[in-house]
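Counting begins at 1 with the first residue of the sequence.
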Amino acid sequence: MSEYSYKKSWNKENGKSEIITEANSSLSWLEVDMLKLQPGETKTYHEEYKEYGLVILGGKCTVTGEGWEFAEIGTRKDVFDGPATCVYVPCNQKFTISGVTEVSIAVCKSPGMEVFEPVLIRPEDVVIKDLGKPGWERQAHFILDERVKANLIYIGEAYVTSGNWASYPPHKHDDDNMPTEGVLEEIYYYEFDKPQGFGIQRVYTKEGDIDETYTVKSGDFVEIPKGYHPFCCAPGYNNYYLWIMAGENRGFFMTTEEGHKWLTK
């Protein structure tokens, strides 16, 4: 067992909360701030060589950069109220987020050298797929994916219903063996449809150097620097999780744990 905890939490307080940073995490390519703004409140970002995916969890905001603006965006009241709105902000851009209503945003950051165009991803742009079999069924939402030109960042959401598993059978993406498997770090952020809802997240490697199991509730995060990462939602509750990935091979390039491959047949 490692002394390091891959679990972090957000208290949902107003303002900017730096949850996962270069200094406090096991990750090299991902950072996350959680931003909660009231109407009229603003937050400005300007970090060199970082690209952003701004995922609106609930509420409306305006995002303004140098020569561009996405005004009054966001259609859902919370994460269970339909697909996301997201903004891709290229690296080396100064931009400001302004609250239109109360708004909660996951500010996902990844290193970037090449400058691309800012992109507004609307709910109708989100690709929705039903994945899995009975016992491990979930709905996957692909948001900031291969359709958006970016350096490393790749973002989606998942919806897991009562008692189901996700990221199952266990898979990993930590070996450079393209096109079968690519190296991608990942973060999960969780919400449940009731305050007492919870789930179980495991993170473990084939080599055994990581073998951790966490109870997660709304507001929790788990870092996945490498290894397998199956998740289970407690019966009676519905789960949402934001998945944030970063790697040179942006996509689902992963392998299933050998002992569980029979489940995919």
### Query
Among the clusters formed by ILVMFWY side chains lying less than 4.5 Å apart, do L27 and Y228 turn up in the same one?
no

### Message
Between L184 and E186, does the side chain to side chain contact (heavy atoms under 4.5 Å, CB included) criterion hold? Intermediate values first, please.
### Response
CA-CA 6 Å; L184 292 119; E186 191 163 20; over 6 Å; no

### Query
Using a distance-only test with no angle check, is there a side-chain donor-acceptor pair under 3.5 angstrom linking S25 and E223?
no

#### Entry: Path from Y241 to Y214 over hydrophobic side-chain contacts below 4.5 Å
yes

### Task
For the residue pair E181 and D174, establish whether any side-chain heavy-atom pair is separated by less than 4.5 Å.
yes

### Straight-line distance of F70 CZ to C61 SG, nearest 0.5 Å
11.0 Å

### Message
Filter on salt bridge (charged side-chain N to carboxylate O under 4.0 Å, His left out), then keep only pairs touching residues 249-265, sequence neighbours left out; what's left?
### Response
E258-K261

### Task
With rounding to the nearest 0.5 Å, note down the distance linking CH2 in W243 to NE2 in H141.
10.5 Å

### Query
For V183, does its backbone N or O pair with a side-chain atom of D176 as donor and acceptor, under 3.5 Å?
no

### salt bridge (charged side-chain N to carboxylate O under 4.0 Å, His left out) between K149 and E51, worked out
CA-CA 11 Å; K149 289 185 177 179; E51 61 185 1; over 6 Å; no

### Query
Should I143 and F221 be regarded as members of a common hydrophobic cluster, given that ILVMFWY residues are connected when their side-chain heavy atoms come within less than 4.5 Å of each other, either directly or indirectly?
yes

### Task
State, with a plain yes or no, whether a side-chain heavy atom of K43 is found less than 4.5 Å away from one of V107.
no

#### Entry: Ring center gap for W10 and Y190 short of 6.0 angstrom
no

### Atom pair CG/NE2 of N92 and H46 - distance to nearest 0.5 Å
7.0 Å

### Task
Check the pair W29 / M245 against side chain to side chain contact (heavy atoms under 4.5 Å, CB included), numbers first and verdict last.
CA-CA 9 Å; W29 300 333; M245 301 171 79; over 6 Å; no

### Task
May I ask you to check whether over 12 heavy atoms, not counting those of K16, lie within 6.0 Å of atom NZ?
yes

### Query
Do side-chain atoms of D130 reach the backbone of Q139 as a donor and acceptor pair under 3.5 angstrom?
no

### Message
Can you give me the closest heavy-atom contact between V55 and C86, atom names plus distance?
### Response
CG2-SG, 4.1 Å

### Distance flag, aromatic centroids of F252 and H173, threshold under 6.0 Å
no

### Distance (rounded to the nearest 0.5 Å) between S167 OG and R138 CZ
7.0 Å

### Query
Got a second to check how far Y189's OH is from I244's CD1, nearest 0.5 Å?
10.5 Å

### Task
Return yes if a side-chain donor-acceptor contact under 3.5 Å exists between T44 and T96, otherwise no.
yes

### Task
Would you mind telling me which of D145, I187, L54, L242 makes a side chain to side chain contact (heavy atoms under 4.5 Å, CB included) with I155?
L242

### Crowding at NZ, K129 (>12 non-hydrogen neighbours, <6.0 Å)
no

### Task
Indicate whether the side chain of E69 and that of T64 have a donor and an acceptor atom separated by less than 3.5 Å.
yes

### Query
Rounded to the nearest 0.5 Å, how far apart are CD of E191 and CZ of F80?
7.0 Å

### Task
Answer with yes or no whether the side chains of Y52 and E47 bring together a donor and an acceptor at under 3.5 Å.
yes

### Query
Can you tell me if S162 uses its side chain to pair, donor with acceptor, with the backbone of G236 under 3.5 Å?
yes

### Task
Quick one: do F231 and Y188 satisfy ring-ring contact (aromatic ring centres under 6.0 Å, His included)? Show the steps, please.
CA-CA 10 Å; F231 164 79; Y188 282 176; 7.2 Å; no

### Query
Under 3.5 Å, is there a donor-acceptor pair between the side chain of D81 and the main chain of D78?
no

### Query
Is I153 reachable from V148 through a run of I, L, V, M, F, W or Y residues, each pair having side-chain heavy atoms under 4.5 Å apart?
yes

### Query
Going through the distances and angles, do E41 and N14 end up as a side chain to side chain contact (heavy atoms under 4.5 Å, CB included)?
CA-CA 10 Å; E41 290 184 337; N14 208 62; 2.9 Å; yes

### Query
Can the ring centres of H260 and H171 be said to be less than 6.0 Å apart?
no

### Residues, nucleotides or ligands: over 12 heavy atoms within 6.0 Å of K12 NZ
yes

### Message
Suppose we screen for ring-ring contact (aromatic ring centres under 6.0 Å, His included). Which residues come up paired with Y168, at least two apart in sequence or across chains?
### Response
W136, W165

### Query
Crowded around F198 CZ? As in, over 12 foreign heavy atoms under 6.0 Å?
no

### Task
Might you work through the side chain to side chain contact (heavy atoms under 4.5 Å, CB included) test for K172 and K226, ending with a clear yes or no?
CA-CA 7 Å; K172 70 178 183 71; K226 59 181 179 176; over 6 Å; no

### Task
Using only heavy-atom distances, determine whether the side chains of E117 and Y88 contain a donor-acceptor pair under 3.5 Å.
no

### Query
What is the minimum heavy-atom distance between S9 and I19, and which atoms define it?
O-CD1, 3.7 Å

### Task
State whether a side-chain donor-acceptor pair under 3.5 Å links D220 with Q201.
no

### Task
State plainly whether one hydrophobic cluster holds both V222 and F192, where clusters connect Ile, Leu, Val, Met, Phe, Trp and Tyr through side-chain heavy atoms under 4.5 angstrom apart.
yes

### Message
Donor-acceptor check, side chain of E185 to backbone of S28, threshold 3.5 angstrom: yes or no?
### Response
yes

